[in-house]
Amino acid sequence: MVTAPLEMTPVTMSAQSHLSENPATEKPVQSFSEMLTDALKKTNELQLESDKLNMALAAGRIEDISQVVVAAQKAEIAIQLTLQLRNRAVSAYQEIMRMQV
């Protein structure tokens, strides 16, 4: 039985993005500090919105309490996430400081 060697033919790859991405219009990459600052601003905005709706509910200007509850839950989740990120960052810093060089 005679076996023929495999012939490797060059494979051309061509693909189109199904996400309608245009390389010329891509957003610039944000630094970590910019992303963190944006996240903290968004958390603050959610908290201020919740406070505003709570005051409006207390004044009797809101009839649907579900808006107030949803805003309060969004703010609470954002604050919990922020605290967990802070705790992880502090823990990582402490772990690095305990390392012996």
Side-chain angles (χ1 to χ4, degrees):
M1 179 168 140
V2 177
T3 59
L6 292 174
E7 294 183 24
M8 301 298 279
T9 57
V11 178
T12 58
M13 303 283 288
S14 64
Q16 293 180 346
S17 175
H18 65 284
L19 300 174
S20 301
E21 295 173 342
N22 191 357
T25 61
E26 288 183 13
K27 295 181 183 176
V29 178
Q30 284 185 325
S31 69
F32 178 74
S33 63
E34 290 172 343
M35 290 190 329
L36 188 60
T37 302
D38 290 345
L40 289 174
K41 284 180 183 178
K42 182 67 175 168
T43 300
N44 189 39
E45 289 172 7
L46 288 171
Q47 184 64 40
L48 293 174
E49 179 69 22
S50 175
D51 290 344
K52 184 179 86 170
L53 287 175
N54 280 332
M55 285 191 259
L57 179 68
R61 293 190 304 251
I62 293 182
E63 297 169 0
D64 187 15
I65 195 169
S66 65
Q67 295 173 346
V68 179
V69 173
V70 168
Q73 286 299 312
K74 283 182 181 180
E76 178 68 24
I77 290 170
I79 289 172
Q80 286 178 0
L81 177 63
T82 303
L83 287 175
Q84 288 299 320
L85 288 173
R86 179 194 61 98
N87 292 341
R88 292 290 175 124
V90 168
S91 176
Y93 173 77
Q94 290 173 344
E95 186 68 28
I96 290 171
M97 294 309 293
R98 281 192 293 256
M99 287 182 185
Q100 294 181 0
V101 180

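Here the structure is a predicted model, which means the values were calculated and not measured. We're numbering straight along the sequence, starting at 1.
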Taking every heavy atom of Val68 against every heavy atom of Leu53, the minimum-distance pair comes out as CG2-O, 3.8 Å
For Lys74, the salt bridge (charged side-chain N to carboxylate O under 4.0 Å, His left out) test, sequence neighbours excluded, returns none
CG (Leu81) and CD1 (Ile77) are apart, to the nearest 0.5 Å, by 9.5 Å
Gln30 meets the side chain to side chain contact (heavy atoms under 4.5 Å, CB included) criterion, sequence neighbours left out, with Glu34, Met35, Asp38
Please report, to 0.1 Å, the donor-acceptor pairs under 3.5 Å made by any side chain of residues 83-99, with sequence neighbours excluded.
residue : atom : partner : partner atom : Å
Asn87   : ND2  : Leu83   : O            : 3.3
Glu95   : OE1  : Arg98   : NH2          : 2.8

To the nearest 0.5 Å, atom CD of Gln67 lies from atom CD of Glu49 at 9.5 Å
Between Ser50 and Ala75, the two heavy atoms sitting closest are CB-CB, 4.0 Å
Under 4.5 Å between side-chain heavy atoms, hopping through other hydrophobics if needed: is there a path connecting Ile62 to Met55?
no
